Amino acid sequence: MQHETPQALLDYAQSFAGFTLGELCARYKEQVPQQLLHKKGWVGQFLEMILGATSGSLAQPDFPELGVELKTLPIDEQGRPLESTYVSVVPLMNIQGLRWENSVVRHKLMHVLWIPIVASREIPIEDRQVAMPFLWQPTSEEEQALKQDFEDVLVQVSLGRIEQLDARLGDILQVRPKAANSKALTDAIGPDGATIKTLPRGFYLRPQFTKRCLQQQFG
DNA sequence: TCGTGATCATAA
DNA sequence: TTATGATCACGA
């Protein structure tokens, strides 16, 4: 399945609206996990599969030829996001010369295909319904805000202050651990400029921001 | 109830 | 190990 344009991809994605994950799994002869505790990325990977995304775990948009990133978004029955949205790893080394304009975060967020899923915890996985997918691009104001959050983080990282940085920083983009567990370590710049070991971090979109995206789209 | 920090699976 | 896909779960 190759999509010629973002609109064609959107049209195809919207053809799945209203179906439950159980119905879609039956159609593709996939097994629905009974719980997501040990399959946390399953919903996103299933949607990638049926929509024909091919980037795998490369640090680039899911549909590189379209410049479109696919994101599932768990929502409650009122359409409110239930979780933050992971965007990308926070670069901690060799960040001299790294700018917003050539960042992975920007490349992914410049064009997103959101696929909301009604996914309150009390709903069995197989009964969770795909809501209406939509394409989203940040306004210039939104991009400025994203850029500001991104640059604020990179300043701290470049100053060797990664350990002082926590999830409270950032109006839209926040930084949180992104690791197998709290003992995972990666290289970063230390306070004195030497290399230190620290917990890998990721950029996440706050739920309040994705809530605004939903409201803009659906009123 | 919500936000932060912790965690789980998998591919390359 | 690092990237992807995320959700879990505890304390305020």
Side-chain angles (χ1 to χ4, degrees), chain A residues 13 21 24-25 28 30-64 68-78 80-95 98 103-105 107-109 112-126 128 130 133 149 153 157 162-188 195-212:
Chain A
L21 295 177
L24 294 176
C25 275
Y28 290 91
E30 290 283 323
Q31 292 296 310
V32 186
Q34 290 306 295
Q35 55 174 31
L36 295 180
L37 176 56
H38 298 284
K39 308 282 293 184
K40 291 185 181 180
W42 179 80
V43 177
Q45 293 179 331
F46 177 61
L47 268 295
E48 281 187 351
M49 185 275 286
I50 67 180
L51 290 174
T54 52
S55 280
S57 62
L58 298 180
Q60 64 180 15
D62 295 297
F63 297 91
V68 172
E69 172 72 9
L70 171 63
K71 288 290 180 198
T72 59
L73 180 63
I75 59 173
D76 66 15
E77 291 80 351
Q78 284 69 239
R80 298 172 296 208
L82 292 168
E83 293 286 351
S84 58
T85 301
Y86 170 72
V87 180
S88 78
V89 159
V90 176
L92 299 177
M93 291 293 284
N94 306 318
I95 57 175
L98 176 54
S103 66
V104 173
V105 178
H107 283 130
K108 288 188 174 183
L109 293 184
V112 178
L113 173 60
W114 291 105
I115 304 190
I117 313 274
V118 184
S120 302
R121 289 207 190 178
E122 61 269 22
I123 305 176
I125 314 294
E126 64 178 8
R128 297 182 182 182
V130 177
D149 287 347
V153 169
V157 170
I162 181 64
E163 302 292 12
Q164 279 66 55
L165 201 165
D166 66 28
R168 292 170 294 187
L169 180 66
D171 295 331
I172 297 176
L173 268 185
Q174 65 176 173
V175 170
R176 305 220 307 279
K178 176 60 173 170
N181 55 57
S182 60
K183 288 102 184 170
L185 293 173
T186 193
D187 287 341
T195 299
I196 62 168
K197 290 289 187 180
T198 193
L199 193 55
R201 319 298 166 92
F203 283 115
Y204 295 77
L205 291 173
R206 295 184 184 278
Q208 279 298 333
F209 180 72
T210 50
K211 180 179 180 181
R212 294 213 304 274

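Chain identifiers are assigned alphabetically (A, B, ...) following the order of the sequence lines, protein sequences preceding nucleic acid strands; residue numbering begins at 1 within each chain. The model shown is predicted, which means the values in this text are computed figures rather than measured ones.
Taking atom OH of residue A/Tyr86 and atom C1' of nucleotide B/dT10, one finds them 14 Å apart after rounding to whole Å. Rounded to whole Å, the distance from CD on A/Gln208 to P on B/dT4 is 11 Å. Between the CD atom of A/Gln31 and the P atom of B/dA9 there is a distance of 18 Å, given to the nearest Å. The nearest whole Å value for the distance from the CD atom in A/Gln35 to the P atom in B/dC8 is 12 Å. Rounded to an integer number of Å, the gap from A/Lys178 NZ to B/dA6 C1' is 11 Å. One can place CG of A/Leu47 at 18 Å from P of C/dT4, the figure rounded to the nearest angstrom. Atoms NZ (A/Lys39) and P (C/dA6) sit 14 Å apart, rounded to a whole Å. Atom CD in A/Glu48 sits about 11 Å away from atom P in C/dT4, given to the nearest Å.
A/Asp149 places a side-chain N or O within 3.5 Å of a backbone atom of A/Asp171 that can act as its donor or acceptor partner.
Nearest to the side chain of A/Ser182, among C/dA6, C/dT4, B/dA6, sits B/dA6. Of the listed nucleotides (C/dT4, B/dA6, B/dT7), B/dA6 has the atom at the smallest distance from the side chain of A/Leu199.
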Subject >> Check against side-chain contact (heavy atoms from CB on, under 4.5 Å), A/Val175 and A/Leu169 >> reply: CA-CA 7 Å; A/Val175 170; A/Leu169 180 66; over 6 Å; no

**OP:** Run the numbers on A/Ile115 and A/Val130 for side-chain contact (heavy atoms from CB on, under 4.5 Å), then give the verdict.
**Re:** CA-CA 7 Å; A/Ile115 304 190; A/Val130 177; 3.9 Å; yes

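Considering only side-chain N and O atoms, A/Thr186 lies under 4.0 angstrom from the phosphate OP1 or OP2 of C/dT2. The side chain of A/His38 places no N or O atom within less than 4.0 Å of a non-bridging phosphate oxygen (OP1 or OP2) of B/dC8. Residue A/Thr72 has a polar side-chain atom (N or O) positioned under 4.0 Å from OP1 or OP2 of C/dA6.
Both A/Lys183 and A/Pro207 lie near DNA chain B, and the one whose nearest nucleotide falls closer to the 5' end is A/Pro207.
For A/Glu163 and A/Arg201, the salt-bridge test passes: some basic side-chain N is under 4.0 Å from an acidic carboxylate O.
The shortest heavy-atom contact between A/Leu113 and A/Pro133 is CD1-CB, 4.2 Å.
A 6.0 Å sphere centred on CD of A/Gln31 holds no more than 12 heavy atoms belonging to other residues, nucleotides or ligands.
Here CG of A/Leu51 is found 5.5 Å from CZ of A/Phe63. Values are rounded to the nearest 0.5 Å.
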Distances for protein N or O near nucleotides 8-12 of chain C N or O, under 3.5 Å:
unit_1: C/dC8; atom_1: OP2; unit_2: A/Arg121; atom_2: NE; d: 3.0
unit_1: C/dC8; atom_1: OP2; unit_2: A/Arg121; atom_2: NH2; d: 3.3
unit_1: C/dC8; atom_1: O4'; unit_2: A/Lys40; atom_2: NZ; d: 3.3
unit_1: C/dC8; atom_1: N4; unit_2: A/Glu83; atom_2: OE1; d: 3.1

